[in-house]
Amino acid sequence: MKTNFLSERAKFTSESEEKVKTLSNEAKKKAVVCLGEHATAIKQENKNLRSELTELLKQSGLLNDHKQRLEKQHVELLREQQYSNDILRLRGEKQTRAMERQASAAETKNPNKRAPKETTTGHAV
């Protein structure tokens with residue numbers, strides 16, 4: 001009986017070790033497959049991210065170029081606005097001088113009749 005028990009025990013031990021080996025080998029195979037799939041997925045994700053980064057860098061470059069063009073245009077528009085303001089100021093000065101010459105010419109023609117002087121409010125005195 002004892003020998004029978006020991007032989008059965010040895011048989012079960014050997015079968016359990018065999019099952020553990022088999023399960024271990026299956027787990028290793030599944031782990032290798034899983035790691036391979038994961039590595040492939042990571043490579044694909046990296047490829048997609050790299051592509052997206054490239055596109056974003058292109059867009060950034062285009063936006064920087066557009067910004068520079070807009071800044072140049074802004075400077076040019078400011079120059080044109082200053083030029084227009086200067087022309088308007090010069091026209092105003094020219095008209096003021098012309099009116100002063102006309103008033104002066106009118107006084108020399110008719111010294112008795114003087115043009116009414118204006119006060120700071122713009123009314124004749």
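Below, all heavy atoms of this structure are taken into account, side chains as well, without hydrogens, waters or symmetry copies.
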Walk me through whether Leu90 and Glu93 qualify under side chain to side chain contact (heavy atoms under 4.5 Å, CB included). CA-CA 5 Å; Leu90 290 173; Glu93 289 174 4; 3.8 Å; yes
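Atom CZ of Arg50 sits about 11.0 Å away from atom NZ of Lys43, to the nearest 0.5 Å. The CG atom of Leu70 sits 11.0 Å away from the CG atom of Asp65 when rounded to the nearest 0.5 Å. For the atom pair OG1 (Thr54) and NZ (Lys58), the distance works out to 7.0 Å, reported to the nearest 0.5 Å. A distance of 12.5 Å separates CG in Leu53 from CG in Asn48, rounded to the nearest 0.5 Å. Taking CG of Leu62 as the reference point, atom CG of Leu57 lies at 11.0 Å (rounded to 0.5 Å).
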Just distance, no hydrogens or angles: give the donor-acceptor pairs under 3.5 Å from side chains in residues 10-26, sequence neighbours left out.
residue : atom : partner : partner atom : Å
Thr13   : OG1  : Arg9    : O            : 2.7
Ser16   : OG   : Phe12   : O            : 2.5
Thr22   : OG1  : Glu18   : O            : 2.8
Asn25   : ND2  : Lys21   : O            : 3.4

Table please: side-chain donor-acceptor pairs of residues 72-82 below 3.5 Å, with sequence neighbours left out.
residue : atom : partner : partner atom : Å
Glu76   : OE1  : Arg79   : NH1          : 2.8
Gln82   : NE2  : Asp86   : OD1          : 3.0

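For the residue pair Ala105 and Thr108, the shortest heavy atom distance occurs at O-OG1, 2.8 Å.
With respect to Arg97, the side-chain contact (heavy atoms from CB on, under 4.5 Å) criterion is satisfied by exactly one of Gln95, Met99, Arg101: Arg101.
At most 12 non-hydrogen atoms from other residues, nucleotides or ligands lie less than 6.0 angstrom from CD of Glu52.
Listed for the Ser60 side chain is no donor-acceptor partner under 3.5 Å among the backbone atoms of Leu56. Between the side chain of Ser51 and the backbone N or O of Lys47, no donor-acceptor pair lies under 3.5 Å.
Think of Ile87 as one node in a network of Ile, Leu, Val, Met, Phe, Trp and Tyr side chains linked at under 4.5 Å; its network also takes in Tyr83.
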